[in-house]
Amino acid sequence: MGIEILTPFLEAPFSFTPFFLVITLITCFLYCALRSNSVYLIDFTCYLPADNLRVTISNFIEHLHVGGTFNTDCSEFQERVVERSGIGDEACMPIALHELPPEASFKASLEEVGQVLFPIVEDLLSKHNISPKSIDILISNCSLFCPAPSITAMITNKFRFRSNIKSFSLSGMGCSAGLLSISLAKDLLKVHKNSLALVLSTEAISSNGYHGKTKSMLVTNTIFRMGGAAVLLSNKKDDEQRAKYKLLHLVRTHMGSDDRSYTSVIQQDDEEGFVGVSLSRSLLHVAGNALRTNISELGPLVLPYLEQLRYGWGVVHQKLWVTAGKRETYVPNFKKAFEHFCIHAGGRAIIDAVESNLKLQKEDGEASRMVLYRFGNTSSSSVWYELCYLEAKGAVKKGDRIWQIAFGSGFKCNSAVWKSISVPNPEERNAWSDRIHLYPVQTPIAP
């Protein structure tokens, strides 16, 4: 009787459709859950200006006094600043600023952007045999120059990128915009799988000089030089084999809700109507606060547990057992988390302040000082010149972790942590190859 009841079921054909549907759904779920969300840095290129664009310190000072733009007091003030800036005789300015008087025009800035970005994009794509049609995401950042059509439109037109490329032109973000652009690229690569992203960082200085008399706005005339970087990112698992670095962490800090921070670096017009960027006397204090806020979030991601415990105990001890001597809060040893530091080359004082706050040694800031000396403050691209320096020196080994720290108007502090997943070849040509054997140099300290 039992066999007769089961016979119809045993003889009925088995339906595979629901079974395969379930297996397919499970497979898709596992693929989406387990596939890599990693961002790989395939390679990057920094712009190397021609030697005829160099502006020696003596040449810079001469232009101040004979150019007819500034009175004696303003010229002498800028002379003192540039002599103490940490910038050497090899830093370059666009051709428009070599003229007397300087050609501060829209056309000059447009030509400067093309002069910087076109060759580094060409070099990066040709070096890896990548067709412009393969680029899915294009991001540019240039703080003070925002033309129409945009800078990404210029690049798209020049290299004939696809019509459906996802392009973004960022402006007004200050010197930290390079890492901010990497952050945007990272977020986009999370959404758009199997994609290549090209990030371009530069600052056009041809038409952004200040011609007034306010000293806080004259400082920017002395420290900025021409430069730029092109960075190629990918989220393709196959690109891990040819990539140089893997992005581990990116932490952004924005202190704009605080008025003192917001106005520490600000573009405005003076009493006579001249437009410039003002740097407040509280800039170093503001930068220090932004850095502390940034590392309070970054620290738990990168520091060994023992260093985190020491820091936590130091904070508790300071709050609960305040003595007359008031013991300083323990500063974690970040050299246990990173092998290399790329501190934004915004000026000698900025580099000194970061080294002091993080208890770093002078050799930890070598790349930043040498970039400042040879290339000047190239704004958002400076952290890439620093990594370029470390590669040319043969300092980066497989497995090394690099901390890029950038500051910018707003006020912002951004950190990016990279892990070297290959062995960079120090013999490979880059922006430092022609003179790396001469560095490091002893930078003079003006009285």
Can you see whether [X] engages [Y] through a side-chain donor-acceptor pair at a distance of less than 3.5 angstrom?
| X | Y | value |
| --- | --- | --- |
| Thr56 | Asn59 | no |
| Asn37 | Lys193 | yes |
| Ser216 | Ser278 | yes |
| His65 | Glu79 | yes |
| Ser381 | Ser201 | no |
| Tyr389 | Glu366 | yes |
| His211 | Thr69 | no |
| Ser420 | Asp400 | no |
| Thr152 | Ser169 | yes |
| Glu112 | Ser206 | yes |

* Would Arg252 and Asp187 satisfy salt bridge (Lys or Arg N to Asp or Glu O under 4.0 Å), going step by step from the backbone distance to the final call? -> CA-CA 13 Å; Arg252 293 167 51 185; Asp187 292 342; 5.2 Å; no
Ion pair [X]/[Y], N-O distance below 4.0 Å:
| X | Y | value |
| --- | --- | --- |
| Glu240 | Lys237 | yes |
| Glu307 | Arg310 | yes |
| Asp136 | Lys236 | no |
| Asp352 | Arg369 | yes |

State, with a plain yes or no, whether a side-chain heavy atom of [X] is found less than 4.5 Å away from one of [Y].
| X | Y | result |
| --- | --- | --- |
| Leu41 | Leu247 | no |
| Leu387 | Tyr245 | yes |
| His63 | Leu100 | yes |
| Leu64 | Phe70 | yes |

* To do: Please report the C-alpha distance between Leu117 and Ile155 in whole Å, then the side-chain angles of each, then the deciding distance to 0.1 Å, and finally whether the side chain to side chain contact (heavy atoms under 4.5 Å, CB included) criterion is met.
  => CA-CA 8 Å; Leu117 295 184; Ile155 301 299; 4.0 Å; yes
* Asked: What's the verdict on side chain to side chain contact (heavy atoms under 4.5 Å, CB included) for Val231 and Ile182, showing C-alpha distance, side-chain angles and the deciding distance?
  -> CA-CA 9 Å; Val231 184; Ile182 297 295; 4.2 Å; yes
Hey, is the main chain of [Y] close enough, under 3.5 Å, to the side chain of [X] for a donor-acceptor pair?
| X | Y | answer |
| --- | --- | --- |
| Gln78 | Lys215 | no |
| Tyr210 | Thr214 | yes |
| Asn294 | Val251 | yes |

* Cation-pi between Arg401 and Phe334: NZ/CZ under 6.0 Å from ring centre and within 45° of the ring axis? ->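 No - Arg401 does not lie over the ring of Phe334 by the 6.0 Å and 45° rule.
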* Quick one: OG on Ser234 to CG on Leu189, what's the gap to the nearest 0.5 Å? ->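 Here the rounded value is 7.5 Å.
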Distance-only donor-acceptor hits, side chain of residues 423-433, under 3.5 Å, sequence neighbours excluded:
| unit_1 | atom_1 | unit_2 | atom_2 | d |
| --- | --- | --- | --- | --- |
| Asn425 | OD1 | Glu427 | N | 3.0 |
| Glu428 | OE2 | Lys127 | NZ | 2.7 |
| Glu428 | OE2 | Lys244 | NZ | 3.3 |
| Asn430 | OD1 | Trp432 | N | 2.7 |
| Asn430 | OD1 | Ser433 | N | 3.2 |
| Asn430 | OD1 | Ser433 | OG | 3.3 |
| Trp432 | NE1 | Tyr385 | O | 3.2 |
| Ser433 | OG | Glu428 | O | 3.3 |
| Ser433 | OG | Asn430 | N | 2.7 |
| Ser433 | OG | Asn430 | O | 3.4 |

* Evaluate the side chain to side chain contact (heavy atoms under 4.5 Å, CB included) criterion for residues Met93 and Leu53: first the C-alpha distance (whole Å), next the side-chain angles of each, then the deciding distance (0.1 Å), finally the verdict. => CA-CA 6 Å; Met93 287 187 170; Leu53 295 176; over 6 Å; no
